[in-house]
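Down below is the structure, laid out as structure tokens.
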Amino acid sequence: MNEDIKRVLDAGIHGTPELKPAEKALYLSTFRERVLVALTKRQVAQKAVYKEVKQELKGIRNGILYLNGDLPYSMLSKYIKEASKASLSFEIVNDKETDTPLGLVLASKQDAVEREEVFVHDDFFQLD
């Protein structure tokens, strides 16, 4: 069977293949290369907004803030307010099929930023 026909049939039966599904599940539906800063659920649960997130929000032009829908809105609201101040869109990601330790991901919508380190390492940082 012609390879193109097989690919079309497979896409019709199984859906369009997704690039890097495990990476996108970890980073709340975006690619690692687009991430500016990421916080774990425990970090998002802290009272204060992380200064690293505030800094990045001020400088980003075409970005989006992804928030983990597993967390209560009361924990997310402070970051939603900060995104609104910066005129930045946000998305609450509700993916019940995968479990990610991340609670917040600030990323570029389309461009790769290729940051070497995107995590804030403090007493509340833990990826497992």
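Not measured: the values here are computed from a predicted model. Numbers here simply count residues along the sequence, with the first being 1.
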*asked:* Applying ring pair (Phe, Tyr, Trp, His ring centres under 6.0 Å), can you list everything that pairs with F119, at least two apart in sequence or on another chain?
replied: F125
*Determine yes or no for a side-chain-to-main-chain donor-acceptor pair under 3.5 angstrom, with Q43 supplying the side chain and T40 the backbone.*
yes
*Heavy-atom closest contact (G63 atom, K109 atom, distance)*: O-CE, 3.4 Å
*Could you list the residues that satisfy side-chain hydrogen bond (donor to acceptor under 3.5 Å, both in side chains) with S77, not counting sequence neighbours?*
none
*Is F90 close to I64 at the side-chain level, that is, under 4.5 Å between some pair of heavy atoms?*
no
_Nearest heavy atoms of E33 and E23, plus distance in Å_ = N-OE2, 4.4 Å
*Sequence neighbours left out, what passes salt bridge (charged side-chain N to carboxylate O under 4.0 Å, His left out) with R115? Give chain and number order.*
E56
*Using side-chain hydrogen bond (donor to acceptor under 3.5 Å, both in side chains) as the criterion, list what pairs up with D99, not counting sequence neighbours.*
K41
*Is there side-chain contact between L102 and L127, with at least one heavy-atom pair below 4.5 Å?*
yes
*Side-chain heavy atoms of V118 within contact of V37, under 4.5 Å*: no
*Is any side-chain heavy atom of L67 closer than 4.5 Å to a side-chain heavy atom of V93?*
no
*Do you know the tightest heavy-atom contact between V105 and Y27?*
CG2-O, 3.9 Å
Name each donor-acceptor pair under 3.5 Å that joins a side chain in residues 44-54 to protein atoms two or more places apart or in another chain, with its distance.
unit_1: Q46; atom_1: NE2; unit_2: R42; atom_2: O; d: 2.9
unit_1: Y50; atom_1: OH; unit_2: D122; atom_2: OD2; d: 2.5

*L28 vs N68, side chain to side chain contact (heavy atoms under 4.5 Å, CB included): CA-CA, chis, key distance, verdict*: CA-CA 7 Å; L28 298 173; N68 191 326; 4.0 Å; yes
*List the atom of P101, the atom of L26, and the distance in Å for their closest heavy-atom pair.*
CD-CD1, 3.7 Å
_If you apply the rule side chain to side chain contact (heavy atoms under 4.5 Å, CB included), what do you find for Y66 with I92, and how did you get there?_
CA-CA 6 Å; Y66 295 101; I92 297 176; over 6 Å; no
*Looking at residues at least two apart in the chain, or sitting in another chain, which of them share a side-chain contact (heavy atoms from CB on, under 4.5 Å) with A83?*
L65, L88
_Tell me whether the count of non-hydrogen atoms from other residues, nucleotides or ligands lying under 6.0 Å of CG in N94 goes above 12._
yes
*Where is the tightest heavy-atom contact between R34 and Q110, given as atom of each residue plus distance?*
NE-O, 3.6 Å
*What are the two closest non-hydrogen atoms of E117 and R32, and how far apart are they?*
N-NH2, 4.3 Å
*Distance in Å, K24 NZ paired with D95 CG, rounded so as to fall on 0.5 Å steps*: 11.0 Å
_Interatomic spacing from CZ in R61 to CG in D111 - rounded to 0.5 Å_ = 13.0 Å
*Measuring from S89:OG to I80:CD1, what's the distance to the nearest 0.5 Å?*
12.0 Å
_Hydrophobic clustering (ILVMFWY, side-chain heavy atoms < 4.5 Å, transitive) - are L104 and L57 grouped together?_
yes
